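Working notes, structure below.
Only a predicted model underlies this, so the values are computations on that prediction, with no experimental measurement involved.
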Number of protein chains: 2
Amino acid sequence: MTRAEGFDVYAEDLSVGDRYEFGHHRVAEAELVDFASMWDPQPFHTDVEAAADHGFGGLIASGLHTLAIYQRLLVRRIDGRWKVIAGRKITEVVFVSPVRPGDVLSGSLAVTEVSLDDRGRGRITSDAEVVNDAGVVVLTVTAVMFLRRRGG
Amino acid sequence: MTRAEGFDVYAEDLSVGDRYEFGHHRVAEAELVDFASMWDPQPFHTDVEAAADHGFGGLIASGLHTLAIYQRLLVRRIDGRWKVIAGRKITEVVFVSPVRPGDVLSGSLAVTEVSLDDRGRGRITSDAEVVNDAGVVVLTVTAVMFLRRRGG
């Protein structure tokens with residue numbers, strides 16, 4: 001990321017190829033179990049003993065939790081500077097590899113398409129990946145959001 | 001849903017066209033703000049005053065939160081009976097309409113593809129929609145998961 005550091009980022013400030021490196025998020029076992037207990041209460045996410053007998057040989061994070069971590073890493077990275085109107089859609093999420101307690105997740109996002117309209121908006125498409133501290137990709141996300149245009 | 005009520009559901013127990021009606025989930029303002037504060041801390045999700053000046057004229061839920069509610073409604077509906085191995089991917093999520101504090105969400109899921117493999121698994125594709133209590137679709141989700149086959 002070389003542009004607009006510390007300044008508001010409108011749709012026309014983004015270009016295809018812009019890349020944002022995320023910070024880090026450690027997936028504590030308690031967070032993993034708490035998230036899944038509320039939003040995805042399947043035993044291989046919430047119960048150590050049941051998870052030991054499941055195909056992954058231990059607790060794994062809900063895919064929704066991993067996706068939420070991606071969103072947190074992204075929002076913290078853009079830190080209020082992107083003039084986001086709203087997310088529009090996610091065109092693909094792949095749960096590439098399991099996320100386990102203690103994993104430290106990071107990753108990056110690249111802008112792949114910028115399309116300005118005459119309604120004061122820009123449609124931004126991005127490809128992101130989330131990796132664990134062994135360098136293994138755990139999640140890929142392709143998403144579309146709307147940002148405001150300058151003066152829009 | 002007419003089959004396997006109260007019994008384990010393996011991949012071969014699902015058929016194209018099977019439909020699952022979800023229960024209900026009320027989106028309390030505190031839940032909306034708490035979820036976004038952790039996972040998607042953008043002011044139009046977390047700050048009533050900032051949200052009033054945003055395009056939607058008030059707080060709206062994080063799309064991730066709406067997606068998490070979908071997952072909770074689905075998991076509660078299948079209630080441990082589906083022999084899920086893991087989610088594989090989400091091929092599309094559309095944030096059709098904003099979700100606001102007090103909305104009561106429900107919806108349904110339909111099985112659109114069942115593909116059995118010789119590794120003891122079935123690949124299940126589904127289309128789901130989440131609707132609010134005014135009958136407006138707020139979210140659509142197309143997803144792929146693996147279930148166990150009988151004896152697999």
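Chosen from B/A36, B/P41, B/G63, B/G55, the residue pairing most often with chain A at heavy-atom distances under 4.5 Å is B/P41. If you tally non-hydrogen atom pairs under 4.5 Å between each of B/V96, B/T91, B/T142 and chain A, the highest count goes to B/T91. Interface remark: of the candidates B/V144, B/V93, B/L74, B/V93 forms the most heavy-atom pairs closer than 4.5 Å to chain A. Counting heavy-atom pairs closer than 4.5 Å to chain A, the top-ranked of the candidates B/H54, B/Q71, B/R148, B/R76 is B/Q71.
If you measure heavy-atom distances from A/H45 to chain B, you find no contacts under 4.5 Å at all. Contact of B/V75 with chain A is made through the side chain alone, with heavy-atom distances under 4.5 Å. The parts of B/V84 that come within reach of chain A are both its backbone and its side chain, each placing non-hydrogen atoms under 4.5 angstrom from that chain. Both the backbone and the side chain of B/I69 come within less than 4.5 Å of a heavy atom of chain A.
No side-chain heavy atom of A/D127 sits less than 4.5 Å from a side-chain heavy atom of A/L109. Put simply, the side chain of B/I60 reaches to within 4.5 Å of the side chain of B/F44, judged on heavy atoms. B/W82 is not listed as a side-chain neighbour of B/D8, based on a closest heavy-atom distance of 4.5 Å or more.
Checked against the 6.0 Å centroid criterion, the rings of B/W39 and A/Y70 do not qualify as a close aromatic pair.
Formation of a donor-acceptor pair under 3.5 Å by the A/D53 side chain with backbone atoms of A/A50 is not found in this model.
Both tests hold for B/R121 against B/F146: distance to the six-membered ring centre under 6.0 Å, angle to the ring axis within 45°.
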